Amino acid sequence: LVQVRQDGGAAGDLVTPCSWTYSLYPPETADVSTATPLAEHCVPARARTAVGRYRAAADGTWGLATRHPLTGAWLLLLACDEVEAVTACDDGGSP
């Protein structure tokens, strides 16, 4: 369990995939805006849609991460609050 802070990328749109990246912080971090990260520019391993807009996880929210057993590099599995940005559809008056 880590805290995340969005540090790069873009939301994506109808033709461009989301590319948000995050810095990772220990769970006990009081303020991610001033703390030293464990790792930076981590792309979540959780699959995103091929294209479409996403809302980035808010700074200081939770993520799930692990370390590579051979290299020790951090791997962000998911940023818990990163979600697809959806808009309600107008169904044209169907019942």
Side-chain angles (χ1 to χ4, degrees):
L1 195 61
V2 294
Q3 290 188 60
V4 298
R5 181 175 185 225
Q6 190 262 324
D7 66 5
D13 56 31
L14 293 175
V15 295
T16 308
C18 173
S19 61
W20 294 132
T21 62
Y22 298 91
S23 292
L24 310 181
Y25 299 85
E28 68 276 4
T29 302
D31 183 357
V32 296
S33 67
T34 59
T36 301
L38 300 168
E40 297 176 296
H41 309 294
C42 298
V43 176
R46 176 181 166 207
R48 294 170 173 154
T49 58
V51 295
R53 192 167 65 97
Y54 277 73
R55 182 180 56 92
D59 290 353
T61 57
W62 297 114
L64 185 60
T66 189
R67 296 190 78 169
H68 189 281
L70 300 177
T71 66
W74 283 95
L75 173 65
L76 177 60
L77 301 174
L78 68 99
C80 294
D81 287 347
E82 181 185 276
V83 295
E84 291 180 77
V86 296
T87 305
C89 295
D90 178 4
D91 67 1
S94 298

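On a predicted model such as this, the values are computed, not experimentally measured, just so you know.
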- Query: Between A11 and C18, which heavy-atom pair has the shortest distance, and what is it?
  - Reply: O-CB, 3.4 Å

- Message: Does any part of the side chain of P37, heavy atoms only, come nearer than 4.5 Å to the side chain of L24, both counted from C-beta?
- Response: no

- Task: Determine, for E82 against R48, whether the closest basic-nitrogen to carboxylate-oxygen distance falls under 4.0 angstrom.
- Result: yes

- Could you grab the distance from atom OG1 of T21 to atom CD of Q6, nearest 0.5 Å is fine? 6.5 Å

- R67 side chain to G72 main-chain N or O, any donor-acceptor pair under 3.5 Å? yes

- Message: Using every non-hydrogen atom in the two residues, find where V51 and T49 come nearest and quote the distance to one decimal.
- Response: O-OG1, 2.7 Å

- On a heavy-atom basis, the closest approach of V2 and L64 is CG2-N, 4.4 Å

- Message: Could you measure the distance from the CZ atom of R53 to the CG atom of L14? Nearest 0.5 Å is fine.
- Response: 9.5 Å

- Task: Report yes if some heavy atom in the side chain of V4 is under 4.5 Å from a heavy atom in the side chain of T61; otherwise report no.
- Result: yes

- Task: Enter the distance from Y22:OH to D59:CG here, rounded to the nearest 0.5 Å.
- Result: 9.5 Å

- Query: Do you know the tightest heavy-atom contact between W20 and R55?
  - Reply: NE1-C, 3.8 Å

- Task: Grab the two heavy atoms, one from G63 and one from L76, that are nearest each other, plus how far apart they are.
- Result: CA-CD1, 4.5 Å

- Item | Close side-chain approach of D7 to H41, heavy-atom, < 4.5 Å | yes

- Item | Spacing of CD belonging to Q3 relative to CH2 belonging to W62, to within rounding of 0.5 Å | 5.0 Å

